[in-house]
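Working notes, beginning with the structure itself.
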Amino acid sequence: MIDEERRRTLRIIGAAGMTGLAGCTGGGGNNESSGNGEGDNPNAISWWNIDVQGTAKEAAAKLESMFEEQTGIQVEQTKYENTPYKPAVSNALGTDDAPDLFYIWPGPNRLGRYVRNGNVIPLDGALSKEQKNAQIPDAIRGAQYKKDEILSWRDNSGEMYSIPYDLAGIPIWYNKNVLSEAGVDPERLKHATDITWSEFLDICSKLSNAGYTAIECGNRNSWTIGHWVSAFMIKAAGVDHYYNAAFGLEGASLTDEPFQTALSRLKQLYDNGYFNQDINSLNNNEAAALFFSGQAGFWSQGTWVSEVISSQAPDDFAGIPDVMDYMWWPAFPDVYENSENERMSVVPNSTVAISSQAAKRGDEHLTKVKKFASFFGSLDAQKAFFEITGSPVTRTDVYDEVDMSPSQQTTTATVGQLQSADEVGMVFDVAFLPETTEALLSGGQELFTGTSPSKVLQNVQKTNQDALSNL
């Protein structure tokens, strides 16, 4: 049984600080390039990522060309959609097909499991002192682990196992035109943290009565509803309770009453017809296209949203902030008194790690791979990424170098609001144990097929207890 002290190493993640949110980019497109970790050119660096569409794909191409021009070292990309990417990486690591460098989210469910399994190598020394000093502190902590300790995520000690390069806030986006036509003032919602549950229900009712889908969501691949489940659990229970339950601390359980309330309210939105009723059959891109076309009032997505706009919105869509802007998740002050002042986030959203297999391809090759990893922490690389994608980056000096557009100003506004929060919790898709995450994602889909919130949470709690016992 995992002891109390080891579980408490995760408690740091609840601390307020500079943060961004868990991102799940890539919802459409096909795999590109070879599946061979060494690529067609064995002397090239193989880089796996999920940059399959829009501005993210453009940014990845730019970073590759910049690095090749600066160093003369060739890079070959292999791209996957979000959902197939996760098993593809898991299956490749530890084999000859493993990439040299690969995109990975932080947290026990992602980077942490590969640290624990010995599938990635430590990167201390890959970032210069100047690069580290320029990073948002939580981005560095999000990439640090103690060897063999999946629960050491965000500890202040430990080695760095990945290079952070972007952040992602995950708020609720709203269509200004749709809200206005339904009789809702969009200015009331702008970057709001104090929209209560009752007010949110009233807005959804007005949207529905006006003939719109209140909330568009494509949950065919299950991860999108994870945003809603995470946010509602934090709003109903608070960040501390959220983590205590996930890691068996203070006698907390995922079946506790606040979590029952959270999932019941989520199900209420569906039962009231506020979510699109085909939620489990649409993917995220399909839902996004309906939102952009003015058929829905709300849609949840991270601050990588420009990528989705560039690939899914109509050509005449005016974008952010002309047509769409964001609000934070509705607060549940009737359930948790500090609900308004706590947020949801992950720092960093995107990192790159070096596989242990890269270290077996020779010292000369590994030196090249480390140079490419270090490149992601450079001012030039993060500036190029931000200018193309508009997604907030982990180097704060980038913002002094860029004349930001209104869209970039909007997405980066999330960072300051996360800094000002009392507590910041992370999306369970990266923060909880792998088995618990999968149970919650499946349970999120089952909520809309007749399974009760209590049954979902009972199953999740049993899975979580077993996973904790096996650590």
Side-chain angles (χ1 to χ4, degrees), residues 21 168-219 224-225 227-228 231-232 235 265-266 268-279 282 284-310 312-333 339-340 343-344 390 405-414 417:
L21 251 183
I170 303 182
I172 300 176
W173 296 90
Y174 56 86
N175 188 306
K176 292 182 175 181
N177 295 336
V178 170
L179 262 63
S180 294
E181 291 179 13
V184 179
D185 180 10
E187 286 301 308
R188 166 68 184 102
L189 278 62
K190 184 177 180 179
H191 306 178
T193 62
D194 61 345
I195 303 295
T196 64
W197 172 243
S198 59
E199 186 175 358
F200 187 69
L201 284 179
D202 181 61
I203 294 170
C204 287
S205 176
K206 289 179 179 178
L207 287 164
S208 183
N209 290 338
Y212 294 103
T213 299
I215 309 165
E216 196 69 49
C217 183
N219 193 47
T224 48
I225 204 63
H227 298 168
W228 291 85
F232 276 37
K235 291 299 184 179
R265 290 187 172 181
L266 190 60
Q268 181 183 350
L269 292 176
Y270 183 80
D271 291 344
N272 286 0
Y274 298 152
F275 272 119
N276 51 301
Q277 297 300 286
D278 56 355
I279 187 171
L282 293 184
N284 183 56
N285 279 349
E286 291 166 336
L290 292 169
F291 172 77
F292 297 144
S293 66
Q295 298 187 42
F298 294 110
W299 170 66
S300 169
Q301 195 76 177
T303 45
W304 63 82
V305 66
S306 294
E307 168 199 336
V308 189
I309 293 173
S310 66
Q312 301 301 318
D315 291 340
D316 60 352
F317 185 70
I320 304 169
D322 291 342
V323 174
M324 57 185 284
D325 212 320
Y326 73 85
M327 60 168 274
W328 291 101
W329 303 87
F332 298 167
S339 183
E340 177 184 329
R343 316 257 191 276
M344 179 178 72
S405 68
S407 176
Q408 291 169 330
Q409 291 173 355
T410 299
T411 56
T412 56
T414 60
Q417 289 189 289

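For this chain, numbers begin at 1 and follow the sequence in order. Note: hydrogens, waters and symmetry copies are ignored here, and every other heavy atom, side chains too, is used.
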Distance from N219 atom CG to I279 atom CD1, nearest 0.5 Å? 5.5 Å

Compute the centroid of each ring, for Y270 and then for W228, and state whether the two points are separated by less than 6.0 Å. no

Closest non-hydrogen atom pair, A288 against V308: CB-CG1, 3.7 Å

Determine, stepwise, if the pair L201 / L269 fulfils side chain to side chain contact (heavy atoms under 4.5 Å, CB included). CA-CA 8 Å; L201 284 179; L269 292 176; 3.8 Å; yes

For the residue pair F332 and F232, is the inter-centroid distance of their aromatic rings smaller than 6.0 Å? yes

Note: L207 and A182 closest approach over all heavy atoms is CD2-CB, 3.7 Å

Is the centre of the F291 ring less than 6.0 Å from the centre of the F298 ring? no

Any side-chain heavy-atom pair of R188 and D194 under 4.5 Å: yes

Spacing of CD belonging to Q301 relative to OG belonging to S306, to within rounding of 0.5 Å: 10.5 Å

Output every pair passing side-chain hydrogen bond (donor to acceptor under 3.5 Å, both in side chains) with a member in residues 172-184, not counting sequence neighbours, ordered by first then second residue. E181-Y212

Is any side-chain heavy atom of Q408 closer than 4.5 Å to a side-chain heavy atom of I320? no

Side-chain heavy-atom pair Y326, Q417 within 4.5 angstrom cut-off: yes

Flag side-chain contact, heavy atom, 4.5 Å: W328 against T414: yes

Validation row: Q312, E286 side chains within 4.5 angstrom (heavy atoms): no

Can you confirm if the aromatic rings of F292 and W299 lie within a centre distance of less than 6.0 Å? yes

Scan residues 313-332 for pairs that pass salt bridge (charged side-chain N to carboxylate O under 4.0 Å, His left out), counting only residues two or more places apart or in two chains. none

To the nearest 0.5 Å, what is the distance between CG (N284) and SG (C217)? 7.5 Å

Can a salt bridge be assigned to the pair D185 and K190 using a cut-off of 4.0 Å between side-chain N and carboxylate O? no

Are T410 and T303 close enough that some pair of their side-chain heavy atoms sits under 4.5 Å apart? no

Do C204 and I215 have side-chain heavy atoms sitting under 4.5 Å apart? yes

Would you say that F317 contacts M324 through its side chain, given a criterion of any heavy-atom pair below 4.5 Å between the two side chains? yes

Is there a side chain to side chain contact (heavy atoms under 4.5 Å, CB included) between L189 and I203? Walk through the geometry before answering. CA-CA 10 Å; L189 278 62; I203 294 170; 3.9 Å; yes

If I take atom CD from residue E340 and atom OG1 from residue T193, how far apart are they, to the nearest 0.5 angstrom? 4.5 Å

When you check the side-chain N and O atoms of S407 and S405, is any donor under 3.5 Å from an acceptor? no

d(W197 CH2, K235 NZ) to nearest 0.5 Å is 13.0 Å

